[in-house]
Amino acid sequence: MLPHKSIEARLQAAVSSVLPDANTANVLVRPCPDPKFGDYQTNALMALAKERKLNPRQLAADVLARLDVGELCEKVEIAGAGFLNFRLKSSTLERTLESAARGEHLFFERTTQPRTVVIDFSSPNVAKPMHVGHIRSTILGDSLARALRLLGHRVITDNHIGDWGTQFGMMIFAWKVEKFFENDPGLLPDPISELERVYKLVNEACKGDAKALAYLRSRFSYDVELELDKIEPEGALNWARMELVKLQSGDKENLEIWERLIAISKKQFETIYNRLGVTFDHTLGESFYNPMLKAIVQELLDKGIAKESEGAIAVFSDGSLPPKQDPFLKQEDGEWKPNPSLIQKSDGAANYATTDLATLAYRLQTWHPSEIGYVTDGRQQLHFQQIFATFRRWHPEANVKLAHVWFGSILGEDGKPFKTRSGETVRLADLLDEAEERAFQVVTDKRPDLPEPQRREIARVVGIGAIKYADLLPNRQSDYVFSWDKMLALHGNTAPYLQYSYARISSIFRKDDSDATSKTSEPASVSLGAPEEISLARHLLNFDFVLGAVVEDYRPNLLCNYLYELASHYARFYENCPVLKAEPKERASRLILSSLTAEVLRQGLEILGIQTLEQM
RNA sequence: GCGCCCGUAGCUCAGUUGGAUAGAGCACCUGCCUUCUAAGCAGGUGGUCGCGCGUUCGAAUCGCGCCGGGCGCGCCA
């Protein structure tokens, strides 16, 4: 057991012995904000004293009298208004590092209560290019899944792609206009661009653009029920609607076009996910739930949860919540008015709310998760509140935590939503290309001695890592400003700096000429002397706190900060404590410290989905 | 109008159940490479935590009211 866990357990026991009825779940230790206070502190006794109107320092003294942590810590101190400060004996630090060096742990503990957690993230749309709007969800979701898995939870990742909906009417229409059966766009180098081009064309024709309409007329020669010269905006729109209806009613040709659209898109998704190193256990898109929707609408009607309204079907407030917390009410002109959630449109089609309800039910029934996290844009907060509330009414027996893990927008340097210079949305593929290209310039500048293929590989890892890190570093709920210069900077809190820290440690081991036997046969012995060694060791021991917090609040940015601090501690150690030139005993100890730091850096970056390099 | 989120150093942002003297990077200034990768380190300048009132041993954090900004609010997802 790690020292802080052991201290915490004994502290809780001591509190129970003083206050038998106290709930000790919140009696926790955590790292001290300032090393002068010690290694760990608890402030929980002040809270306990407050709710019981006890003197906090007296309570601290009473608890301390029942607390025995003597073999782990120096004398425990009562400080301030009633803190308990713990300072680890240096032998405790040293033994913990040694057990890590033996591979018994890496400064964190796997959970004793594994949960099954579904993470819903990325969710791009079929037949459209993946763009910057998908990057935060993809990177955040992947990182959270990695963190949960590392801590021993059962994680199911599910990519809920947008493979059904009204846009397919226009897509199929466009497909037929361009006679793609004869000119398979899947064979083009960039089929998605081609699909996007014709989609825009049809869309513009529907809006009445003269050039687009003229183009349609010139191309139109198939299966003509409408006369060519009657293709006007209304005509084009009607035609697209007709194709949609045919698709929905199972028309063979349209289904085949739809399937080919999905196949082309999935290929694009795979290319991007491969570059990002992101994988999914399932890709169950919206279409998968299609067959279930009618029955769900009917069931919600039967149960009185939903009702007809203006031709549509909607869920209204049932009055079970205070109005302020009720997602189905809103205040207008001082009155509470209905704010319903539509589950069926007046044309009889279901919408995304229905699909999300079906998805939720399916996941629960199939995987029995204790938790489902939806990693989406913050603008969907109301939607998810309504979905969750509807689901609770529909399945009151369900025992599952539903979390909307929302995030803010990516902004350009001008503070407005991130776009290209010409005002287009930025494609993910282009973004990754540019990251690698810019990283290549930097690598070439710094290391002209390396052969080009190696520089390319470094640029790939650094470029992708920089984008991911820039995305994970800010608190997920804040908007952040996208800046190439900042994310690729070689100093400061950036991916390249962390990767460099790792590479620099690796370099020590490459130059370590001690023979292999001395590395393996002698029991590893750590002895800490220099202040830089001690603060580095202390920081390594805090890895567990950070991982717990990341998973608890769905916040990888805490890990970013931790890793940056770790790299800073190591840099100070590196400046002040020679490793290879030290005396044998000290050298062995410092090699262990270095190798454990490297391992935590590597593991931490891996949770962020960022690769490390031995050389850069 | 109502709801959600935000307002912290010149700029970009952290700030862990309320906790000890509010932190970092960039920028600016000063040092440090014959010594394990200087893609580095050390030091300095810089704050009425939007404003006010309140809650308490203690508030950037919680409550109320203002000011300023972003987003959302019935058939798109």
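First the proteins, then the strands, lettered A, B, ... as listed; each starts at 1. The structure displayed is predicted, hence computed values, not measured ones.
In this structure, Arg30(A) reaches the U17(B) phosphate: one of its side-chain N or O atoms is under 4.0 Å from OP1 or OP2. Residue His491(A) places at least one side-chain N or O closer than 4.0 Å to OP1 or OP2 of G40(B). Checking the phosphate oxygens (OP1, OP2) of C41(B), no side-chain nitrogen or oxygen of Ser568(A) falls inside 4.0 Å. Contact check, Lys330(A) against G72(B): no side-chain N or O comes under 4.0 Å of OP1 or OP2. Put simply, Arg504(A) has a side-chain N or O that comes within less than 4.0 Å of OP1 or OP2 on A38(B). In this structure, Arg572(A) reaches the A42(B) phosphate: one of its side-chain N or O atoms is under 4.0 Å from OP1 or OP2.
Applying the 90° cutoff around 0 to the glycosidic angle, C33(B) is assigned syn.
Within a heavy-atom distance below 4.0 Å of RNA chain B, the residues of residues 557-565 of chain A found are Asn557(A), Asn561(A), Tyr564(A). For the contact set between residues 43-55 of chain A and RNA chain B, defined by any heavy atom under 4.0 Å, the members are Asn43(A), Met46(A), Lys50(A).
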Exercise. For Ser123(A) and Ile161(A), what are the C-alpha separation, side-chain angles and deciding distance, and is it a side-chain contact (heavy atoms from CB on, under 4.5 Å)?
Worked result: CA-CA 4 Å; Ser123(A) 313; Ile161(A) 58 173; 6.0 Å; no
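Comparing atom distances between the Gln331(A) side chain and each of G3(B), A77(B), C75(B) picks out G3(B) as nearest. Side-chain atoms of Glu332(A) lie closest to G1(B) of the nucleotides U12(B), G1(B), G19(B). Minimum atom distance to the side chain of Asn26(A) is reached by U17(B), of the listed C13(B), G74(B), U17(B). Side-chain proximity of Pro33(A) to A20(B), A77(B), U35(B): nearest is A20(B). When distances are taken from the side chain of Lys345(A) to each of C76(B), G19(B), G3(B), the shortest belongs to C76(B). The Asn475(A) side chain lies nearest to A14(B) when the options are A14(B), U35(B), G19(B). When distances run from any side-chain atom of Gln41(A) to the nucleotides A39(B), A20(B), A77(B), the shortest one goes to A20(B). Comparing C41(B), A20(B), A77(B) by their closest approach to the side chain of Ala79(A) singles out A20(B). Considering only the side chain of Ser346(A), C75(B) comes nearest among G74(B), C75(B), C36(B). In this structure, the nucleotide among A39(B), A20(B), C41(B) sitting nearest to the side chain of Ala571(A) is C41(B).
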Enumerate donor-acceptor pairs with a distance under 3.5 Å from any side-chain N or O in residues 379-389 of chain A to protein atoms, sequence neighbours excluded.
| unit_1 | atom_1 | unit_2 | atom_2 | d |
| --- | --- | --- | --- | --- |
| Arg379(A) | NE | Asp377(A) | OD1 | 3.0 |
| Arg379(A) | NH2 | Asp377(A) | OD2 | 3.1 |
| Gln381(A) | OE1 | Trp406(A) | NE1 | 3.3 |
| Gln381(A) | NE2 | Gly378(A) | O | 3.0 |
| His383(A) | ND1 | Tyr352(A) | OH | 3.4 |
| His383(A) | NE2 | Asp356(A) | OD2 | 2.6 |
| Gln386(A) | NE2 | Pro327(A) | O | 3.0 |
| Gln386(A) | NE2 | Asn339(A) | O | 3.0 |

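Within 6.0 Å of atom NZ in Lys307(A), 12 or fewer heavy atoms from other residues, nucleotides or ligands are found, so the atom counts as exposed in its surroundings.
Between the P atom of A22(B) and the CG atom of Asp34(A) lies a distance of 11 Å, rounded to the nearest Å. Whole-Å rounding puts the Ile78(A) CD1 to C57(B) C1' distance at 16 Å. Computed from coordinates, the Ile508(A) CD1 to G40(B) C1' distance equals 13 Å when rounded to whole Å. Remark: C1' of C76(B) and CG of Leu244(A) are 13 Å apart, rounded to the nearest angstrom. Separating the CZ atom of Phe168(A) from the C1' atom of A77(B) is a distance of 13 Å, rounded to the nearest angstrom.
Expressed to the nearest 0.5 Å, how far OH of Tyr40(A) lies from CZ of Arg87(A) amounts to 12.0 Å.
The nucleotide A77(B) finds no pairing partner, because no Watson-Crick or G-U wobble arrangement with both distances shorter than 3.5 Å includes it. C32(B) is paired with G40(B) under the Watson-Crick or G-U wobble criterion, all donor-acceptor distances under 3.5 Å.
Stacking is not found between Tyr497(A) and the pyrimidine-like six-membered ring of the A39(B) base under the 5.5 Å centre-distance and 30° plane-angle cut-offs. Residue Phe37(A) and nucleotide A20(B) are classified as a stacked aromatic pair, their ring centres being separated by less than 5.5 Å at an interplanar angle below 30°.
Nearest-nucleotide mapping onto RNA chain B: of Leu450(A) and Gly378(A), the residue sitting toward the 5' end is Leu450(A). The 5' end of RNA chain B is approached more closely, in terms of each residue's nearest nucleotide, by Thr42(A) than by the other of Thr42(A) and Ala312(A).
Ring centers of Tyr562(A) and Phe545(A): at least 6.0 Å apart, outside the cut-off.
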